[in-house]
Engineer: 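I have a structure I would like to understand better, so I am pasting it below and will then ask my questions one at a time.
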Amino acid sequence: MMIGRWKQTASGASIAFLGILFASVTLFDVYEDYALQADPLYLTLLENAAPIGLDLILVAAGVTLARRTDVQTAFVARTTTWSFLGTLVMLVITLWVYLFQVIQGQIKPQIIFSHVVAMGAVAGLGVGVYDGQRRRREEELEVEHDKISALFDNSSECIAEVEFVDDTPVVRAINPAFQEVFGYTPGSIEGESLDDVVVPPGDEQRASAISARAQRGERFEIEELFRLTASGEVRVFRLQAIPFEAASADTDGYAVYTDITSEHRHERRTTALHEATRELVTAGSVEGIADAAVDAATEILDLDFTGIHLYDEDYGELRPVAYSQQVAEVLGTPPTFGPGDAIAWNVFESGTPRYVRDLAASEEAYNEDSTLRSELIVPLDDLGVLLIAARQPGAFEESEYSLAKILGANVAAAMERAERECRLEEQNERLETFTSIVSHDLRNPLNVADGYLELAREGDEAAFDRVDDALRRMDELIEDLLTLARQGEAIDEVREVDLTQVARRAWTNSATADATLHVDGADAIEADPGRLQQLFENLFTNAVDHGGDDVAIRVASIDGGFTVEDDGPGIPQAERHRVLTEGYTTEDDGTGFGLAIVEEIADAHGWTVTIDESDSGGAKFEFSTGCSSA
């Protein structure tokens, strides 16, 4: 800061006054020696040349201090103080010696001379001590300055030296890192407002508030500050405001910018990734989660070549289930990986993520001629792998590798949850189906038993045998269904059974009213006899329910299977694809499980069921068992 003009003028004038005063005394001595005592002029001039020179130095110094506009307060104050203090000390000592000599009545010039010399020696000693300290301090300051300059010039941080002029942060110097990042040379930015050159549009108000804090001499740090760089890109910086505390400093402090764009981007992408992957569970299926994960990698992480391979237990291979559009454009359909085929398989087996910086240099690479050169491979537990690739070698940073592992962990967790929910849903469906089967299949023998019980009450003792058969059939069904519930499998084992015998036994245990059964050329087949009897019972009951009490039913062997047909009203072609589904029925009191149970039993055997029209216009169920008839 600069002192007031009037103080500067007064200080300089006081020093000049001392010089003029001393010069006047010296010139009077010259006049007295020459004019009054008739001493030679050259002698008196030689005598007083040095004092006159010293006096004139004081005058010149005073004038200079009064006229200079760049002199600092501390310098002017110290200079003026020491000048008057030195004058006062010399005057007091000289007067002290002179006074005692007057009292003694004898003036001793040699004593005065010796005292003046001694005072000069002390003054010289003081100046010497001061100069020594000053030089040592200058050396220390020079070393410190060199350190600061080295730090300033070689720091990777962007540093601007700033002075506030009329509340404006004016740039006085910048370091090379600042030049490189912000694109300014010292000559083009020095003297300019820092806020005008680095603050992006729209952020001026915040920049003004920051400048106001710095101008107050605050030391502070601000995270997440946006600044405009040389490339025209707005990047994220951390700002440190470092004030200068020395009053003599030419500038007010440093503005230190640290580029934290990568850290900020990583944090933002991590947050977005977690938010996106938390929604993966809503995808429902493992395949849906894979698609959503690829979309998240592409849109959030900006990773173009992304795909997911899942393990196929039936084939023992990693098969592609989801991949980005860029992968499809470059590779078409991604390859399937078997044991030892590729790095992906090794990662899947080991469960350890890998970053392959150069696929062309890797002996494990699946395709040495691929245009993809680097790859991140993350295992999805025992489900598969996540693959992320790029065209350039070493294309991925450590932060992207970290994000890929986070994505893989989230995807694996979501897939495992989806599989658990799917298994639970299947168990619930099986439980519901099991309950329906129990109620449906037990109804047939129960109805038979009820009907023959009425006949027995009327005196038909043979009916008791039929009731006993029905009860025994119910017991068999309960035992089979309990076995099914315990094992979760529809078929335990198969053996060769007589188709005619099983069909007639099923007929006996069904409520068939006046319906008739014809078994033509039925051969032996490989089946579970109990489940096959259930199949026939449900078909016979369905035929009677829809074809009437007098419907005629025919069972016959065909090449590779057998058929069951009737002469009832048949099944409309538009409905044939629906009648085998659970819950489908055309009766008000129907359960919709009869034909669904038929299909379940056929599926459990590995048979296929087709529905057609019989020769008489009724329904025809054809079962293909895969084996030719004898």
Side-chain angles (χ1 to χ4, degrees), residues 147-245 249-275 300-303 395-403 406:
K147 291 180 180 179
I148 294 175
S149 296
L151 180 62
F152 185 83
D153 293 335
N154 298 292
S155 175
S156 59
E157 316 290 348
C158 304
I159 305 175
E161 191 174 320
V162 177
E163 178 187 8
F164 283 93
V165 178
D166 297 329
D167 301 332
T168 300
V170 176
V171 178
R172 293 307 182 196
I174 57 175
N175 72 336
F178 191 101
Q179 298 179 45
E180 181 179 354
V181 172
F182 292 101
Y184 291 96
T185 61
S188 65
I189 195 174
E190 290 175 5
E192 299 292 329
S193 168
L194 180 63
D195 291 346
D196 290 345
V197 294
V198 299
V199 176
D203 206 19
E204 294 85 357
Q205 186 173 356
R206 187 185 184 194
S208 297
I210 293 172
S211 295
R213 291 183 61 186
Q215 188 176 12
R216 292 194 295 267
E218 294 184 31
R219 179 186 295 270
F220 58 89
E221 183 175 303
I222 296 179
E223 297 281 350
E224 199 172 300
L225 196 65
F226 297 93
R227 288 294 179 261
L228 187 64
T229 60
S231 62
E233 177 187 7
V234 175
R235 297 182 66 82
V236 186
F237 291 87
R238 178 190 301 112
L239 170 64
Q240 290 178 281
I242 304 175
F244 287 153
E245 298 178 355
D250 293 331
T251 53
D252 293 305
Y254 286 133
V256 182
Y257 292 97
T258 305
D259 192 338
I260 59 170
T261 304
S262 297
E263 295 88 334
H264 179 268
R265 182 167 175 258
H266 178 73
E267 182 178 350
R268 177 179 56 81
R269 293 166 80 189
T270 302
T271 302
L273 183 61
H274 279 303
E275 291 177 353
I300 298 176
L301 305 183
D302 299 326
L303 302 173
F396 301 107
E397 298 177 356
E398 185 63 32
S399 61
E400 290 171 317
Y401 189 19
S402 174
L403 289 172
I406 293 173

Engineer: Can you sort out the partners of T229 under side chain to side chain donor-acceptor pair (under 3.5 Å), two or more places apart, ordered by chain and number?
Structural biologist: S231
Engineer: E263 versus V236: any side-chain heavy-atom pair under 4.5 Å?
Structural biologist: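 Side chain of E263 against side chain of V236, heavy atoms only: no contact under 4.5 Å found.
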Engineer: So D259 and R227, salt bridge (Lys or Arg N to Asp or Glu O under 4.0 Å) or not? Walk me through it.
Structural biologist: CA-CA 10 Å; D259 192 338; R227 288 294 179 261; over 6 Å; no
Engineer: Do F237 and T258 come close enough that some side-chain heavy atom pair is under 4.5 Å?
Structural biologist: no
Engineer: Taking everything shown except Q205 itself, do over 12 heavy atoms lie less than 6.0 Å from its CD?
Structural biologist: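 Count not over threshold, so no.
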Engineer: If every non-hydrogen atom of Q179 is compared with every non-hydrogen atom of T185, which pair is closest and at what distance?
Structural biologist: OE1-CA, 4.3 Å
Engineer: How long is the straight-line distance from CD of Q215 back to OG1 of T168, given to the nearest 0.5 Å?
Structural biologist: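 The CD atom of Q215 is 8.5 Å from OG1 of T168, to the nearest 0.5 Å.
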Engineer: Describe, in one word, how the ring planes of Y257 and F178 are oriented to each other, choosing from parallel (under 30°), tilted (30 to 60°) and perpendicular (over 60°).
Structural biologist: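 Tilted.
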Engineer: Looking at every heavy atom in both L303 and E400, which two are closest together, and how far apart are they?
Structural biologist: CD2-OE2, 4.2 Å
Engineer: Please round to the nearest 0.5 Å and tell me the distance separating atom NE2 of H264 and atom CG of L225.
Structural biologist: 11.0 Å
Engineer: Among I189, I174, L228, find the residue that satisfies the side chain to side chain contact (heavy atoms under 4.5 Å, CB included) test when tested with V197.
Structural biologist: I189
Engineer: Using side chain to side chain contact (heavy atoms under 4.5 Å, CB included) as the criterion, point out the one residue from I159, V181, N154, D153 that pairs with P176.
Structural biologist: D153
Engineer: Using a 6.0 Å cut-off, check whether atom CD of E180 has over 12 heavy atoms from anything other than its own residue.
Structural biologist: no
Engineer: Considering all heavy atoms of both residues, which atom of E157 and which atom of A177 are nearest to each other, and what is their separation?
Structural biologist: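 Reported closest heavy-atom pair: O-CB, 3.3 Å.
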Engineer: Looking at every non-hydrogen atom in both residues, tell me the closest pair between A160 and L194 and how far apart they are.
Structural biologist: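 Looking at all heavy atoms of both residues, the shortest contact is CB-CD1, 4.3 Å.
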Engineer: Is it the case that over 12 heavy atoms from other parts of the model lie below 6.0 angstrom from the CD atom of E267?
Structural biologist: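 Atom CD in E267 is not crowded, with 12 or fewer foreign heavy atoms closer than 6.0 Å.
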Engineer: Go through the steps for D195 and S211 under the test side-chain hydrogen bond (donor to acceptor under 3.5 Å, both in side chains), then give the verdict.
Structural biologist: CA-CA 8 Å; D195 291 346; S211 295; 2.8 Å; yes
Engineer: Would you say I222 and R206 make side-chain contact, with heavy atoms under 4.5 Å?
Structural biologist: yes
